Amino acid sequence: MSLLEVDGIEVRYGAIKALKGVSFEVNEGEIVALLGANGAGKTTTQKTVSGMLRPSLGEIRYDGKRIDGTPAHELISLGICHVPEGRHVFPRMTVNENLEMGAFRFKRPDDKLQAHVLDLFPRLRERIKQQAGTLSGGEQQMLAIGRALMGKPRLLLLDEPSMGLAPLIVKQIFDIVREINNDGVTVLLVEQNASQALALANRGYVLETGEIVLTGTGRELLADDRVRAAYLGEEIAS
Amino acid sequence: MKTGFFSSPHVKRLAGCMALAFVLALMIGNQEGSQDDYGLAFRQAIFSPRIILFIAIGLLVFAAMTFWPYITPYLLRPGVRPLAVGGITVLVSQTLLKWSDDGRTGNGKFNSVASKAANTDGLAPMAKLFFSNYLGWILLLVTFGLGAAAILLSLRALAWVAAVLGVVGGIWAYTSQAAVRDFLGTPDHSTGGGVALIGYLTLAAAALATALATGDIADTRAFVNRLLAWRPGMPLVVLGLIVGVIAFVQATWFSPQGSNQTLTDTKNFFQGNGLANLAYQYLAWLGYVLFIATLLTAAAASYLRHKILGWVAAGLGTVALLLSLITMYDMTDLAAAAGVDGATGPWQNLGSGAWMACAAFFVLAGAGLVVATLGGRDEQDESAPAEAPAARSSDTLSRGFSAPGSSKVFLFVILATALFYPPTATGFWQKVLVSEIGIYVLLAIGLNVVVGWAGLLDLGFIAFYAIGSYTTAYLTGALPYKPPSFLHLSPLLAIPFAIAICLLAGVALGAPTLRLRGDYLAIVTLGFGEIIRITANNNPGNITNGPKGAFGIPHPRIELGPIKFVWGQNNLQYWYLLLVLIVIVVLLFRRLEASRLGRAWAAIREDEVAAQATGINTTRVKLLAFAIGASTSGVAGVFFASQIGYINPENFVLNNSILVVAYVVFGGMGSLPGAMAGAAVLTWLPEFLKDQVPAEDRQMWIGAVVLLMMIFRPAGLIPAKRRAAELRGLNRSSSAEVGAVPEGEGMGARA
Ligand SMILES: Nc1ncnc2c1ncn2[C@@H]1O[C@H](COP(=O)(O)OP(=O)(O)OP(=O)(O)O)[C@@H](O)[C@H]1O
Ligand SMILES: [Mg+2]
């Protein structure tokens with residue numbers, strides 16, 4: 001059975017319909033990539049899954065139970081952790097405090113887990129007492145992911161973790177995502193960086209103006225002409 | 001070419017400085033013309049030497065601005081700030097403050113007192129010397145100049161000289177004022193000498209830090225830290241020693257009919273008058289013995305860091321304090337029974353000495369406690385990362401002075417002042433203390449939750465104060481509609497109801513405004529405040545009694561079997577009630593700040609999206625901030641209504657809301673001690689300035705203080721840790737990054 005089932009959800013911002021019946025599923029232990037042009041509705045989809053938005057139609061099932069309309073802070077205790085778009089760290093808290101905030105749903109932060117997270121991101125360990133606002137963009141992104149891990153996610157929602165980062169850092173981050181996945185965390189990844197995301201992902205979905213237009217395994221999508229044309233800037237060889 | 005010259009920044013700046021100097025020169029002195037010479041004031045300003053002075057100051061400011069980058073490295077030297085503060089303090093004492101309240105000394109300012117004192121026969125020769133030949137000014141200049149030279153050039157020998165001069169100057173100034181006061185023999189509350197003493201001691205401390213510097217750098221703060229860390233509790237012992245010696249040797253214990261009786265005089269006064277034996281023995285010898293015993297134990301405990309001795313000192317101090325109070329009660333009760341000086345009950349006609357003795361015992365007991373509760377070695381590392389985020393106190397007071405137990409030292413000094421200073425203050429200051437300082441401190445504590453901790457700008461805070469007051473009025477039957485008889489309550493019992501209603505009102509305000517932040521929220525809350533006031537004014541359904549307001553609200557009383565407190569007209573009684581309320585609220589809020597809720601507030605203030613993503617129920621947390629802040633305000637409202645006895649809508653105008661916000665910002669947003677200090681200072685200042693400066697100028701001076709504060713200490717008096725970081729330019733470096741700046745704080749809301 002799949003961990004997350006999204007079934008025909010429609011999301012509106014006032015009169016604008018941002019999602020027009022999106023359906024997909026994420027199986028336990030998978031990495032699933034969600035691709036699409038700017039404004040296609042990827043962020044909207046993730047926010048709806050994490051409980052920050054409420055669909056006007058359709059259902060979301062997590063672990064077999066309906067969760068659409070459940071607020072974000074309740075979904076976190078089910079293990080759905082969200083790393084929102086644009087590195088939202090707490091700028092005037094230290095790295096350490098940020099990580100501890102990530103464990104807010106528990107009475108006390110888990111020291112072992114924190115040590116593990118710092119093993120994943122050695123750069124954060126070096127800067128453990130630095131104010132998060134003074135970290136570089138890549139470090140902030142690492143911190144945002146690390147903070148989400150402190151909440152012991154079962155399903156991790158990552159929204160454009162590579163945004164604005166140097167290729168080397170992007171690669172590091174993607175490696176870490178794979179490692180996280182190897183630890184048994186299911187990942188729903190939103191990305192612009194199609195080639196790397198698809199290389200990493202088991203499966204992928206392509207969104208276009210609020211609708212899923214294409215789906216397949218990572219490899220299939222990488223090979224797909226339309227994807228290559230839209231995201232990798234290649235001419236369609238016709 | 002032409003435009004090039006006039007748009008040069010130097011020319012503009014010079015023109016600006018000159019224009020400002022000119023305007024300032026016009027503002028000082030006579031502002032009116034005469035019947036036949038309308039331009040008199042103008043001409044006086046132009047032709048008198050003072051315009052040259054002002055132009056010179058303008059040029060100086062221009063030079064300082066132009067060469068600022070070259071000057072700053074010097075200004076950033078450690079020790080320069082305390083030096084400047086000390087110099088300015090002495091300067092203020094000698095220009096603004098009064099040195100005598102006696103009419104014979106002219107306007108009572110330093111120069112006028114000095115010119116009179118220098119020509120007075122019979123004045124103590126040292127005081128006479130101090131006031132003659134501008135010696136007071138020369139001393140200030142020399143001390144400051146030597147201190148500055150020593151600090152800037154790192155000259156130790158010079159620093160020693162400056163430090164000694166500072167101490168001598170301070171004591172000399174203080175004793176000279178005291179000599180003048182004794183000579184004139186009239187009641188006197190002028191502060192010039194005391195403030196000068198503080199200023200000189202600050203100068204001396206700055207110099208001493210240089211003199212004793214271990215490395216090349218003389219950091220005054222580190223120096224004070226070392227002083228505090230040398231023997232925990234020792235500062236309290238020293239303070240206790242000074243205050244106690246003054247109390248037992250020199251100060252007035254009993255002052256019927258304006259006669260000042262020291263402790264021995266008081267003993268003689270009561271001899272054979274049937275004073276309870278214990279009290280008599282206290283006056284005769286027990287007091288001295290207790291003082292010396294407590295002092296020695298506390299000193300030994302502190303010096304040896306001996307915990308058991310510390311407990312002994314704390315116990316001794318407490319017993320001695322109780323005995324002092326019992327003695328004070330017995331003797332004043334007896335005096336009142338005998339009708340001495342029209343006393344109507346106990347605690348009247350007491351001099352400051354008795355209270356100083358109490359304060360001395362209190363701080364000595366405090367010193368004992370500091371030593372007794374001193375942790376092992378591990379407590380000294382206060383920055384251990386084991387604590388939860390934001391769990392440690394957010395103020396920099398204890399962080400700046402990180403010596404073990406130093407925050408407790410501050411605490412005991414403040415408590416001793418709060419407990420034992422008010423009885424010795426004049427009636428005027430007691431009133432100010434209750435109806436201005438105390439109330440606004442409580443309000444600032446409440447608003448700090450909303451503005452400082454949760455980051456929600458609330459400009460309608462006074463509305464909850466109004467709701468608390470009107471709730472009290474209703475429950476005590478002071479409004480047209482009477483409550484059902486079983487609800488007819490004494491004011492203190494109204495507190496839980498006021499809290500409950502304000503909680504609800506807080507939620508009612510919070511719920512519709514949840515999506516708003518920053519300026520938008522401020523406008524809506526402002527509207528809320530006005531709605532409450534206007535509703536009270538318009539009196540719908542004759543609930544609030546309109547502009548007439550509610551009167552006849554009874555004073556609080558507690559009657560629990562044998563325990564009986566009845567509050568009346570005496571402000572002191574209210575002060576102690578208020579102190580209890582403030583202490584309870586502070587204790588609760590300290591826990592709150594370190595709790596999960598406190599962390600959640602910190603998180604939504606920093607970044608709401610991230611807070612949501614870490615599983616914080618932002619709706620609930622924000623509503624709680626409003627509700628908890630509101631309920632504090634409600635408690636203040638209950639107190640206010642029952643103290644003053646009548647309320648009307650005019651007590652709850654918008655201006656008061658804005659003032660509370662200003663107090664919190666001035667003190668340091670998000671820092672509990674800061675908010676309290678801000679409210680205390682800014683409510684005290686206008687009252688203090690009342691007899692120091694002309695009434696028309698008062699607002700200007702307050703404005704100047706606030707302005708200087710915002711320039712030199714923008715994070716507030718006692719800044720919260722995070723705010724301080726924000727203002728150190730953290731934002732500047734991070735704002736280029738996406739989302740690194742919390743959304744919706746002030747300007748950010750629209751960006
Ligand atoms: N709060 C909002 N109010 C109105 N419209 C919105 C809002 N948020 C998103 N939209 C619109 O919904 C559509 C989908 O937005 P979404 O943020 O999901 O795009 P996205 O796929 O994440 O794009 P990108 O790759 O640029 O991040 C866009 O057209 C956007 O303008
Ligand atoms: Mg997006």
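All values reported here derive from a predicted model rather than from experimental measurement. To find a chain, count down the sequence lines: A is the first, B the second, and so on, and within it residues start at 1.
- For the pair A:H73 and B:G615, the tightest heavy-atom approach, listed with the atom from each and the gap, is CB-O, 3.3 Å.
- Atom CZ of B:R81 has 12 or fewer neighbouring heavy atoms from other residues, nucleotides or ligands inside a 6.0 Å radius.
- Annotation for A:G102 and B:T614: closest pair CA-CG2, 4.0 Å, computed over non-hydrogen atoms.
- Only the backbone of A:R105 comes within less than 4.5 Å of a heavy atom in chain B; its side chain stays farther off.
- Considering all non-hydrogen atoms of both residues, A:F104 and B:R599 come closest at CD1-NH2, 4.2 Å.
- When all heavy atoms of A:F90 and B:D607 are compared, the pair lying nearest together is CE2-O, 3.6 Å.
- The 12-atom threshold is exceeded at CZ of A:R66, counting heavy atoms of other residues, nucleotides or ligands nearer than 6.0 Å.
- Between B:A603 and A:M101, the closest heavy-atom pair is CB-CE, 3.6 Å.
- The closest donor-acceptor contact from the side chain of A:R92 to the backbone of B:E606 lies at 3.5 Å or more, if one exists at all.
- Counting heavy-atom pairs under 4.5 Å between each of A:K107, A:E74, A:M150, A:M52 and chain B puts A:M52 at the top.
- More than 12 heavy atoms of other residues, nucleotides or ligands sit less than 6.0 Å from atom NZ of A:K42.
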